[in-house]
Amino acid sequence: MIRQIKRPDRSARFLIYSFLAVILLHILCIPALSKEYGADLFDEIGKKSLIPLDDWIDVGIDWIALNFMGLFDSITFIITNINSGILAVLSFVPVVPLPFNGLSIAIPVLGIILIPVLWWMTSLGTGIFAFVGLWFTANVGLWPETMETFSLTLTAAFIALFFGIPTGIVAGKSDLVERIVRPILDFMQTLPVFVYLIPAVILFGLGPAPGVVATTIFAIPPAVRLTNLGIRGVPAELVEAGEAFGCGYFQLLWKIQLPMARPSIMAGVNQTIMLSLSMVVIAALIGAGGLGIEVVRSIQRMLVGKGFVAGIAVVIVAIILDRATRSIGRRRLG
């Protein structure tokens, strides 16, 4: 009896093909690149290891930085202005000092504004918590850093959602796009977060822009995945009913698929904002600013109390953003 040979699964074939592609790339590209950049450089690279991927990446990043400097300057300008605009709006709301028993108690007007807003969005308790939390950050001397963290998080989340939700919609409607996007998202989510900081500094310099770029790359996968999941989770009967009533492609999308997928999409928005906040704190290592700077300084100088207070402020910001965005997906459309 002839035993049927079992074919390797898709993941095993992908690994085999990837290994063969790397070997082929090593054989074919080194001579071609040597003619372009000089044989000595790539001869030296080839002596280090069989697959000197780190040197290839260094050469590629340097080439991109030299040839697309104008593009990266333009992106830096746009990101800096978006972040500055959000920060200006947040900083425009004053913090009123009130004298009390020889001391000055800071009362953040933004916290007062958030009480009715969050009461309408979630609950009165969330609004009161937001006021108390912002009052705490203002009275421990971290109000400017807290506003910077808010602005950086919102900037990165806005850019990530601007690209992530449309990509998720396209992936939800096309199996081919989903197959292409899925391994890219897996790579973006599993790569250590600190690795994103290195090319960001080379391409965008120091400051808020590289931090926002690294944060956007790190935070975009949930928006794509959950939007894709929401679009694919719309019942086929509703889609068929919309088509039967003569809905076109965009009418079907706006009137049936997006409203039905709204809870999943808003869950992606929530996760994107949370990942943006966590990465913004790490991005302080490359000069992004905000509460992350206080955490980094506390680590460098072993200031336990200052680091703990900055950590509490980060938790307060996270809870406010989490409760506000989580409730939007559960609210009924009017």
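Only a predicted model underlies this, so the values are computations on that prediction, with no experimental measurement involved.
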Exercise for review: Work out which heavy atom in A106 is nearest to a heavy atom in A138; give both atom names and the distance.
Suggested key: CB-CB, 4.0 Å
**Study point:** Whichever hydrophobic residues join I299 through chains of side-chain contacts under 4.5 Å
**Key:** V295
Check your understanding: F162: what forms a ring pair (Phe, Tyr, Trp, His ring centres under 6.0 Å) with it, not counting sequence neighbours?
Key -> none
Practice item. Compare every heavy atom of A310 with every heavy atom of L142, then report the nearest pair and how far apart it is. Key: CD1-CA, 3.9 Å
Under 3.5 Å, side-chain donor or acceptor atoms of residues 126-133 against the rest of the protein: list the pairs with distances, not counting sequence neighbours.
unit_1	atom_1	unit_2	atom_2	d
T126	OG1	T122	OG1	3.3
T126	OG1	S123	OG	3.1

Check your understanding: Roughly how far apart are I256 CD1 and I231 CD1, rounded to 0.5 Å?
Key -> 11.5 Å
Check your understanding: What's the shortest heavy-atom distance between A171 and E178, and which atoms?
Key -> O-CB, 3.8 Å
Practice item. First locate atom OG1 of T155, then atom CG of L87, and finally report the distance between them rounded to the nearest 0.5 Å. Key: 8.5 Å
Check your understanding: Do side-chain atoms of T80 reach the backbone of F77 as a donor and acceptor pair under 3.5 angstrom?
Key -> no
Check your understanding: Is the closest side-chain heavy-atom distance between E148 and I293 below 4.5 Å?
Key -> no
Study note, to complete from the structure: Rounded to the nearest 0.5 angstrom, the CZ-CG distance for R323 and N270 is 9.0 Å
Point to revise | Side-chain H-bond candidate by donor/acceptor type, Q271 with R225, under 3.5 Å | key: no
Exercise for review: Indicate, with yes or no, if L229 and L161 share a hydrophobic cluster defined by side-chain heavy-atom contacts under 4.5 Å among Ile, Leu, Val, Met, Phe, Trp and Tyr.
Suggested key: no
Point to revise | Residues that T216 engages under side-chain hydrogen bond (donor to acceptor under 3.5 Å, both in side chains), provided they are two or more places apart | key: none
**Study point:** In one Ile/Leu/Val/Met/Phe/Trp/Tyr side-chain cluster, 4.5 Å: V89, V117
**Key:** no
**Study point:** side-chain hydrogen bond (donor to acceptor under 3.5 Å, both in side chains) partners of E145, counting only residues at least two apart
**Key:** none
Exercise for review: Applying salt bridge (charged side-chain N to carboxylate O under 4.0 Å, His left out), name anything that partners D73, two or more places apart in sequence or on another chain.
Suggested key: none
Check your understanding: After noting the C-alpha distance and the side-chain angles of L124 and L118, does the key distance pass the side-chain contact (heavy atoms from CB on, under 4.5 Å) rule?
Key -> CA-CA 7 Å; L124 178 61; L118 292 177; over 6 Å; no
Would you mind writing out the side-chain donor-acceptor pairs for residues 206-215 within the sub-3.5 Å range, not counting sequence neighbours?
unit_1	atom_1	unit_2	atom_2	d
T215	OG1	G211	O	2.6

Review point. Between N67 (side chain) and W63 (backbone), is there a donor-acceptor pair under 3.5 Å?
Key: yes
Point to revise | Any pair counted as ring pair (Phe, Tyr, Trp, His ring centres under 6.0 Å), so long as it reaches residues 199-240, sequence neighbours left out | key: F72-F204
Practice item. Taking the side chain as every heavy atom from C-beta outward, state whether L197 and M279 have any atom pair closer than 4.5 Å. Key: yes
Check your understanding: Which heavy atom in I202 sits nearest to a heavy atom in A65, and how many Å separate them?
Key -> CG2-CB, 4.4 Å
Check your understanding: Which heavy atom in I220 sits nearest to a heavy atom in A160, and how many Å separate them?
Key -> CG1-O, 3.5 Å
Check your understanding: How far apart are the C-alpha atoms of L152 and N83, what are their side-chain angles, what is the distance that settles it, and do they pass the side-chain contact (heavy atoms from CB on, under 4.5 Å) test?
Key -> CA-CA 6 Å; L152 289 168; N83 179 64; 3.5 Å; yes
Check your understanding: Shared ILVMFWY cluster between V96 and I113, side chains joined below 4.5 angstrom?
Key -> yes
Review point. What distance do F136 atom CZ and I316 atom CD1 have between them, rounded to the nearest 0.5 Å?
Key: 5.5 Å
**Study point:** Gap separating the CG atom of L134 from the CD1 atom of I112, nearest 0.5 angstrom
**Key:** 10.5 Å
Practice item. Determine whether I159 and L185 fall in the same hydrophobic cluster, where Ile, Leu, Val, Met, Phe, Trp and Tyr are linked whenever their side-chain heavy atoms lie under 4.5 Å apart. Key: yes
Practice item. Could you tell me whether the side chain of V314 reaches within less than 4.5 Å of the side chain of T146, counting heavy atoms only? Key: no
Check your understanding: Under 4.5 Å between side-chain heavy atoms, hopping through other hydrophobics if needed: is there a path connecting V280 to I75?
Key -> yes
Practice item. Please report the shortest heavy-atom distance between I165 and T227, naming the atom on each side. Key: O-CG2, 3.5 Å
Practice item. Could I get the full list of side-chain hydrogen bond (donor to acceptor under 3.5 Å, both in side chains) partners for K173, not counting sequence neighbours? Key: Q257
Point to revise | Under the side-chain contact (heavy atoms from CB on, under 4.5 Å) test, residues paired with L321 that sit two or more places apart | key: F150, T153, L154, I273, M274, V317
Exercise for review: Would you check if D322 and L277 make a side-chain contact, meaning some heavy-atom pair closer than 4.5 Å?
Suggested key: no
Exercise for review: Go through the steps to decide whether V177 and N228 satisfy the test side-chain contact (heavy atoms from CB on, under 4.5 Å), and finish with yes or no.
Suggested key: CA-CA 10 Å; V177 174; N228 173 32; over 6 Å; no
Practice item. State which residues pass side-chain hydrogen bond (donor to acceptor under 3.5 Å, both in side chains) with R297; sequence neighbours excluded, sorted by chain then number. Key: E294
Review point. Under the ring pair (Phe, Tyr, Trp, His ring centres under 6.0 Å) rule, what pairs show up with a residue in residues 165-200, not counting sequence neighbours?
Key: none
Review point. Counting only heavy atoms not in W135, do more than 12 fall under 6.0 Å of its CH2?
Key: no
